Number of protein chains: 2
Amino acid sequence: MKKLARKERQVELKNIIEINPFITDEELAKKYDCSVQTIRLDRLLMGIPEVRERMKSVARENYDKVKTTKDYEIVGELLEIDLDNKAISYMEVSKDMVSEKNNICRGHHIFAQANMLALSMVDAEIALTGSARIRYKRPVYFKEKLVATAYVAKKRSNKLLIKVVTKSGAEEVFVGKFIIVTR
Amino acid sequence: MKKLARKERQVELKNIIEINPFITDEELAKKYDCSVQTIRLDRLLMGIPEVRERMKSVARENYDKVKTTKDYEIVGELLEIDLDNKAISYMEVSKDMVSEKNNICRGHHIFAQANMLALSMVDAEIALTGSARIRYKRPVYFKEKLVATAYVAKKRSNKLLIKVVTKSGAEEVFVGKFIIVTR
DNA sequence: CATGTATTAGTACCTAGTAACAATACCAAG
DNA sequence: CTTGGTATTGTTACTAGGTACTAATACATG
């Protein structure tokens, strides 16, 4: 690696630390063929914390995220459930649900909330989505609060037709009919 | 906190460290009203690493997870794309896609792969899922390798009908027709 | 040549430990 | 009561990966 001017090095430093927060000053010094002190000085000037602090933040950030990711198993918060009758779930559109480009929520997240809600209504060992007809009525944006309501429309032997309506405020944003197969 | 026998303390130690990996020996010593050395000895006997190592593992674990979560923005790996014609995406069913109970993949993940693939075929500033009709042909399990193929079936003004077929091996597991609206 | 910027070196100190050893405390059996 | 044995504590030396600070040096530029 060729020697870089301070500014260049600082920019690269910021990037490399961002993609690999676990790198120590010593390793960085080797990479940029300069002294450890230079790296420390750069970090100081740029307000980049030491490796242990960086690791701690990554750990903390994600320690929380793991918890929320496990909630993902549910997708949305079940507000009310009356088996074989009606169920309501709440979900706020988070940053990782939207497209960076336009802040519009990916359709499959809205689908996921509805799908899980439909499945949660079924009291069976195994319940699977067999088929669905869905319609997105308008784009949903970051931070919108979605309330999905499901009810059983038809029920026969091992098949249930569940209708889900998702609203943002008073406005319908999604409707879906799910056929859930039980075993 | 009352004084505990070694065994009890060690069991509690293991639990508390599991739920709070960021706790130091000193804090633990205070909690159990014993010396730091006792805690260290306990950790040594139980093979529990020091706090910095624990943080590092949490950080690493989740740093990887964040990366996969960012790939989630794509959902599946785009293998081939021929805009306005045909596209193929690959996705392996991971642990967090399946229900713990029966190892069956949640339907919305399969939907997500298909949905993103359909959207990726559209060359427009904004492309949104308008509606869809989907059918799940059989349950999909952990570690199955899903290949989704999409092609444009109809195209008129600002609406495209895209058909997606997802296969596991030679077997069709999912088919969906998506109407994508562009702007 | 002086002045400023960038780099390097060196020191003292910090945290949260490891490793190794010595010194207690306490409880039970001979 | 003394001898063991286990559990606990204290002490010292050493470590990584730093912070904070001071001092020296290199190099360019007016």
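Heavy-atom basis, side chains included; hydrogens, waters and symmetry copies ignored. Predicted, not measured: the structure shown is a model, and the values here were computed from it. In the text below, chain A, chain B and the rest are named by the order of the sequence lines, each starting its count at 1.
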Engineer: Inspect the contact between B:K167 and B:E172 and indicate whether a charged nitrogen and a carboxylate oxygen are less than 4.0 angstrom apart.
Structural biologist: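 No salt bridge links B:E172 with B:K167.
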Engineer: Please report the distance, rounded to the nearest Å, between CD1 in A:I48 and P in D:dT19.
Structural biologist: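 After rounding, the gap between these two atoms is 11 Å.
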Engineer: Tell me: CD1 of A:I39 to C1' of D:dG18, nearest whole Å?
Structural biologist: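 The answer, rounded to whole Å, is 14 Å.
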Engineer: Could you state the NZ-P distance from B:K30 to C:dA16, rounded to the nearest angstrom?
Structural biologist: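 After rounding, the gap between these two atoms is 11 Å.
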Engineer: C:dT18 C1' sits how many Å from B:D42 CG, rounded?
Structural biologist: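 Those two atoms, CG and C1', are 16 Å apart.
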Engineer: Return the value, rounded to whole Å, for the distance between atom CG of B:L44 and atom C1' of C:dC21.
Structural biologist: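 Atom CG in B:L44 sits about 14 Å away from atom C1' in C:dC21.
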Engineer: Can you check the B:E50 CD to C:dA19 C1' distance for me, whole Å?
Structural biologist: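 From B:E50 CD to C:dA19 C1': 13 Å.
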Engineer: Need to verify one output field. Residue with the more 5' nearest nucleotide on DNA chain D, B:S35 or B:K56?
Structural biologist: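 Counting from the 5' end, the first nearest nucleotide belongs to B:S35.
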Engineer: Taking the minimum atom-to-atom distance to the side chain of B:V51, which one of D:dT9, D:dG18, C:dG17 wins?
Structural biologist: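 Selected nucleotide (nearest to the side chain): C:dG17.
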Engineer: Measure from CD1 on A:I17 to C1' on D:dG17 and round the result to the nearest Å.
Structural biologist: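 Nearest whole value for this atom pair: 14 Å.
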Engineer: Quick test of your reading of the model: are A:R138 and A:E144 salt-bridged, counting only N-O distances below 4.0 Å?
Structural biologist: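 Judged by the 4.0 Å cut-off on N to carboxylate O distance, A:R138 and A:E144 do form a salt bridge.
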Engineer: At under 4.0 Å between heavy atoms, what does B:Q37 touch on the DNA or RNA strands: base, sugar-phosphate, or nothing?
Structural biologist: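 Base: the residue B:Q37, judged by heavy atoms under 4.0 Å, touches a nucleobase.
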Engineer: On DNA chain D, nearest-nucleotide positions of A:R43 versus B:L41: which is more 5'?
Structural biologist: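 By nearest-heavy-atom nucleotide position, the 5'-most residue is B:L41.
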Engineer: We want to know whether A:N158 and A:T182 form a side-chain donor-acceptor pair, criterion being a heavy-atom distance below 3.5 angstrom.
Structural biologist: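 Short answer, no.
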Engineer: Measuring from the side chain of A:T38 (C-beta onward, heavy atoms only), which nucleotide among C:dT7, C:dA19, D:dT19 has the closest atom?
Structural biologist: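 Selected nucleotide: C:dT7.
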Engineer: Examine C:dT8: is either OP1 or OP2 under 4.0 Å from a nitrogen or oxygen in the side chain of A:R40? Give yes or no.
Structural biologist: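 Negative; the distance criterion is not met.
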Engineer: Just N and O in the side chain of B:T24: are any of them under 4.0 Å from OP1 or OP2 of C:dA16?
Structural biologist: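 Checking C:dA16 against B:T24, no side-chain N or O comes under 4.0 Å of OP1 or OP2.
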Engineer: When the distance from CG of A:D33 to C1' of C:dT7 is rounded to whole Å, what number comes out?
Structural biologist: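 In whole Å, C:dT7 C1' and A:D33 CG are 12 Å from each other.
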Engineer: Among the nucleotides D:dT8, D:dT9, C:dA19, which one has an atom lying closest to any side-chain atom of B:R9?
Structural biologist: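 Selected nucleotide (nearest to the side chain): D:dT8.
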Engineer: Respond yes when some side-chain nitrogen or oxygen of B:R52 is under 4.0 Å from OP1 or OP2 of C:dA16, and no when none is.
Structural biologist: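 Checking B:R52 against C:dA16: no side-chain N or O falls below 4.0 Å of OP1 or OP2.
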Engineer: Scan side-chain atoms only and decide if B:E77 and B:S89 contain a donor-acceptor pair under the 3.5 Å cut-off.
Structural biologist: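 Judged by distance alone, the side chains do not pair up.
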Engineer: Output yes when at least one side-chain N/O atom of A:R6 is less than 4.0 Å from OP1 or OP2 of C:dT5, else no.
Structural biologist: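 A:R6 to C:dT5 OP1/OP2: no side-chain N or O under 4.0 Å.
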Engineer: Describe the nucleic acid contact of B:R54 in one word from base, sugar-phosphate, nothing, applying a heavy-atom distance below 4.0 Å.
Structural biologist: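 Contact class for B:R54: none.
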Engineer: Quick check: closest heavy atoms across B:I39 and B:C34, and the distance to 0.1 Å?
Structural biologist: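 Heavy atoms of B:I39 and B:C34 come nearest at CD1-SG, 3.7 Å.
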